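To find a chain, count down the sequence lines: A is the first, B the second, and so on, and within it residues start at 1. Computed from a predicted model, the values in this text were never measured in an experiment.
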Amino acid sequence: MNWQSDGNVIETNFAPTLERWYERHKRDLPWRHTRDPYSIWLSEIILQQTRVAQGKPYYERFLAAYPTITDMARADERELLRLWQGLGYYSRARNLHQTARYITDELVGKFPDTFQNLLKMKGIGVYTAAAIASFAFGERVPVVDGNVYRVLARVFGVSEDITTTAAKKTFSWLAMRLIQRADDPATYNQAIMEFGAIQCTPVAPDCLLCPLQQECVAFQTGRQHLLPVKAKKAPVRERYFHYLIFQHGSKLAMRERTDRDIWQNLHEFYLVETDEPKKQLRELPLPDSIQEFVQRHGQATPPTEAVQLLSHQRIRAVFFRIELPDDANGRLPMGLAWYTMAEVEQLPKPLLVTNYLEKTFG
DNA sequence: AATGCGGGGAC
DNA sequence: GTCCCAGCATT
């Protein structure tokens with residue numbers, strides 16, 4: 001954490017610099033002309049995971065429809081949801097209504113006025129509690145939102161993965177230190193978010209005209225496009241499994257998975273995996289031994305399909321049941337072995353296989 | 001610690 | 001198509 005040892009200058013200048021920048025560059029937004037906690041609360045809920053441009057008209061309409069928290073508390077839930085229509089994350093609207101009623105009825109209309117008490121309200125988390133506490137009541141508590149992660153990661157060169165809990169602690173700690181130097185907590189909080197929104201943008205930040213250019217670790221090391229570090233959600237891999245279930249009398253052919261892959265040491269049927277979905281048995285690339293085995297004995301029943309979701313994979317499975325006549329030679333291809341139903345039951349198996357067995361043999 | 005929850009805009 | 005946006009609740 002090199003900003004602790006040699007970052008004292010920037011740590012001291014950071015907040016005042018942003019506050020000065022803000023006074024010159026701030027946009028004129030409706031919720032910046034009020035200290036009414038209800039209005040500020042409304043704006044913050046609307047702006048959760050929502051761009052200013054998208055939320056602004058909703059803010060105007062909500063305030064026109066419900067000028068006070070009492071009006072909102074008395075509102076019809078369906079009407080409120082209809083006003084919310086198109087904004088997404090509809091639980092925000094339900095929590096808004098619920099909290100309006102709670103404050104009006106249980107708190108006798110007295111809006112919670114500290115960070116800690118705001119946090120107790122439904123729909124108000126750490127960010128929103130800090131925003132209302134500082135904007136409406138002047139409390140010296142830092143907002144930490146997506147903008148703040150980005151600005152701090154770049155200016156102070158923090159390369160922790162912002163999706164982790166450890167990183168959130170680091171950023172909150174740093175933000176708490178920085179706001180101590182702010183002239184006005186409300187202005188500072190507005191400033192850092194506005195700065196992230198229009199100067200220190202995710203793509204193509206305007207570093208050439210940046211007031212923090214000299215001190216910014218990211219700019220000085222040419223890493224502004226690499227920060228903040230955010231782990232990509234692993235894409236869900238699509239896989240196509242085709243199971244051949246050989247049935248001889250009341251026995252099933254199964255084998256153990258040994259590859260370094262999912263379901264290691266679990267038991268399954270004969271598996272053919274392909275890169276593309278195949279619905280027909282004859283489309284499958286089968287080794288000669290299996291091909292011969294199927295043709296010699298095979299009596300295929302209509303295939304059934306199933307989908308199994310794993311954390312990072314989606315398995316689309318097709319099951320082909322192949323019944324062998326009683327007098328068939330039961331010698332199996334390598335790796336497979338016959339198991340009675342009772343034995344099959346005892347084997348450790350993937351859920352995909354268990355579900356199939358349940359559905360097919362009940 | 002992961003996941004679900006929306007819709008829109010920028011690229 | 002991907003990424004991200006003034007996040008929160010639930011498990």
A.B. asks: Which value, in whole Å, describes the distance between the P atoms of nucleotides C/dA6 and B/dC11?
C.D. replies: 14 Å

A.B. asks: Can you tell whether the side chains of A/R150 and A/D145 come within less than 4.0 Å, N to carboxylate O?
C.D. replies: no

A.B. asks: One thing to verify: whether A/R257 and A/E268 come together as a salt bridge, which I'm taking to mean a side-chain N less than 4.0 angstrom from a carboxylate O.
C.D. replies: yes

A.B. asks: Spell out protein contact along nucleotides 5-11 of chain C as letters: B when the base is contacted, S when just the sugar-phosphate is, - when no protein heavy atom is under 4.0 Å; keep the 5' to 3' order.
C.D. replies: BBBSS--

A.B. asks: Looking at the rings of A/F246 and A/W338, which for Trp means the six-membered one, are their centres under 6.0 Å apart?
C.D. replies: no

A.B. asks: Ignoring hydrogens and geometry beyond distance, is a side-chain donor-acceptor pair present between A/Q48 and A/R92 at under 3.5 Å?
C.D. replies: no

A.B. asks: Expressed in angstrom and rounded to an integer, what is the separation of A/Y90 atom OH from B/dG4 atom C1'?
C.D. replies: 15 Å

A.B. asks: For A/E79 and A/Y66, test the side chains for any donor-to-acceptor distance below 3.5 angstrom and give the result as yes or no.
C.D. replies: yes

A.B. asks: When you compare C/dC8 with B/dG9, how far apart are their P atoms, in angstrom units rounded to a whole number?
C.D. replies: 24 Å

A.B. asks: Say you pick atom C1' in C/dC4 and the same atom in B/dC5; how far apart are they, in whole Å?
C.D. replies: 15 Å

A.B. asks: Does a donor on one side chain and an acceptor on the other come within less than 3.5 Å for A/Q346 and A/Y339?
C.D. replies: no

A.B. asks: Residues from residues 76-87 of chain A sitting under 4.0 Å of DNA chain B, heavy atoms only?
C.D. replies: A/G86, A/L87

A.B. asks: Between A/E305 and A/K279, is the closest basic N to carboxylate O distance under 4.0 Å?
C.D. replies: yes

A.B. asks: Please identify each residue that fulfils salt bridge (charged side-chain N to carboxylate O under 4.0 Å, His left out) with A/D206, with sequence neighbours left out.
C.D. replies: none

A.B. asks: I'd like the P distance from B/dG6 over to C/dT11, given in whole Å.
C.D. replies: 16 Å

